[in-house]
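The structure appears right after this line, and notes come after that.
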Amino acid sequence: MNNILYVVIPCFNEEEVLLETAKRLRIKFLGLMKKNKISIKSRVLFVDDGSTDKTYELITKLHSEKTIFLGLKLSRNRGHQNALLAGLLKARDNADMIISIDADLQDDINAIDEMVDKYLEGCDIVYGVRNKRKTDSFFKRTTAQLFYKLLNRLGANTVYNHADYRLMSKRAVDALSEFKEVNLFLRGIVPMIGFRTDYVYYDRTTRFAGKSKYPLNKMIAFALEGITSLSTKPIKMISLLGFGIFGISIIMFIYSIIQFLLGNTVIGWPSVIVSVWAIGGLMLLSIGVIGEYIGKIYLETKSRPLYIVDEFLDNHPKNEH
Ligand code: UDP
Ligand code: MG
């Protein structure tokens, strides 16, 4: 069984946590190697996402001291999702399975054992799912939960309470690389890949040092990115609104005729009020229709794979041809 594990860690200004993280992961790796669960060729790959502190120096130091540590430096800060993808695509050159985790180890590394077990049982994707969020602040917890609910309502399939802590087999990462999108929202795309999937549950802890690199503005940007890159439903909502308002214009039409017949109106009022509603509704409706086409173009430009092959039962071995 091929069992080279790569753990990919995006790091942005993580000098305070990096050494501790490296230490804990090394212990975990040595344990797993001893049990023969992972190959001795397994590695930890740090991706420096354009840090401005000593992060990269520390990575270089770790790399020169211990063979299990590798480093990849991006030319500038490109954000968590891009750094993660860079790491995954680099790691797949040598790895059989790749686990992504944050530098602060808020996600329990003891779940790695179970993830590897599931991979060895034949799973291609294993999601780490948080049992509870009691260590996150009330604000972060509720906003995050609202966000998941909203995303799923809008038709994007994300795994509830799963961040980017997951194991992917090499072929799952190969499949992921077929998604050519520029607006990258990995936790929405990975479920689209398919293959045999499983879940591992763990408790999320607080950051042991350093500050969150996701302040509110980045969180909102990330949420918007998630919605707009996975769903064109907001466009449909415009059409619906247009329908609604056009409907109201018909009601207003009837209402104003009644008022006119009852003699309650000033001359000109019915025509003005009906046109205001009707034109508003028609305009929204038209924007919605145009939006539908733009939505289609948007999805086309992503040139996502139409399918991903899991297995091919072939009875023509290659050497017979
Ligand atoms: N990160 C990154 N680039 C960024 C922001 C964050 O690579 O521009 C990394 C960061 O170093 C960490 C992970 O993304 O490994 C998650 O960040 P953080 O723990 O601050 O987020 P939170 O847990 O607060 O959501
Ligand atoms: Mg964190």
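Both backbone and side-chain heavy atoms feed into the values below; hydrogens, waters and symmetry mates do not. Whatever order the structure lists ligands and atoms in, that order sets their numbers, starting from 1.
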query: What pair of heavy atoms forms the shortest contact from Val129 to Tyr160, and how long is it?
result: CG1-O, 3.6 Å

query: What is the ring orientation for Phe185 with Phe222, classed by angle as parallel under 30°, tilted 30 to 60°, or perpendicular over 60°?
result: tilted

Among Leu72, Ile98, Asn94, side-chain contact (heavy atoms from CB on, under 4.5 Å) partner for Leu45: Leu72

cation_pi(Arg24, Phe208) dist<6.0 Å, angle<=45: yes

message: Could you go through Lys118 and Glu121, starting from their C-alpha distance and side-chain angles, then the distance that decides it, and tell me whether this counts as salt bridge (charged side-chain N to carboxylate O under 4.0 Å, His left out)?
response: CA-CA 5 Å; Lys118 300 227 159 156; Glu121 284 164 19; 5.8 Å; no

As a test of reading the model: which N/O atoms of the protein lie under 3.5 Å from N/O atoms of ligand 1, and at what distance?
| residue | atom | partner | partner atom | Å |
| --- | --- | --- | --- | --- |
| ligand 1 | 3 (N) | Asp49 | OD2 | 2.6 |
| ligand 1 | 3 (N) | His80 | N | 3.4 |
| ligand 1 | 7 (O) | Asp49 | OD2 | 3.4 |
| ligand 1 | 8 (O) | Asp49 | OD2 | 3.4 |
| ligand 1 | 8 (O) | Asn77 | ND2 | 3.2 |
| ligand 1 | 8 (O) | Lys218 | NZ | 3.2 |
| ligand 1 | 11 (O) | Pro10 | O | 3.4 |
| ligand 1 | 11 (O) | Phe12 | N | 2.9 |
| ligand 1 | 11 (O) | Glu14 | OE2 | 2.6 |
| ligand 1 | 15 (O) | Pro10 | O | 2.7 |
| ligand 1 | 15 (O) | Ala103 | N | 2.8 |
| ligand 1 | 19 (O) | Asp104 | OD2 | 2.5 |
| ligand 1 | 19 (O) | Arg207 | NH2 | 3.0 |
| ligand 1 | 20 (O) | Arg207 | NH2 | 3.0 |
| ligand 1 | 20 (O) | Lys213 | N | 2.4 |
| ligand 1 | 23 (O) | Gln106 | OE1 | 2.7 |
| ligand 1 | 23 (O) | Arg204 | NH2 | 3.1 |
| ligand 1 | 24 (O) | Lys140 | NZ | 3.3 |
| ligand 1 | 24 (O) | Ser212 | OG | 2.6 |
| ligand 1 | 25 (O) | Lys140 | NZ | 3.1 |

- prompt: How far apart are the closest heavy atoms of Leu285 and Ser239, and which atoms are they?
  reply: CD1-O, 3.4 Å

- prompt: Does the distance from a Lys or Arg side-chain N to an Asp or Glu carboxylate O, for Arg207 and Glu16, drop under 4.0 Å?
  reply: no

- prompt: If you take all heavy atoms of Ser231 and Leu154, which pair is closest and at what distance?
  reply: OG-O, 2.9 Å

statement: So the protein N/O/S atoms within less than 2.8 Å of the Mg ion (ligand 2) come down to Asp104 OD2, Gln106 OE1

field: Electrostatic pair Arg204:Asp107 at N-O distance under 4.0 angstrom
entry: yes

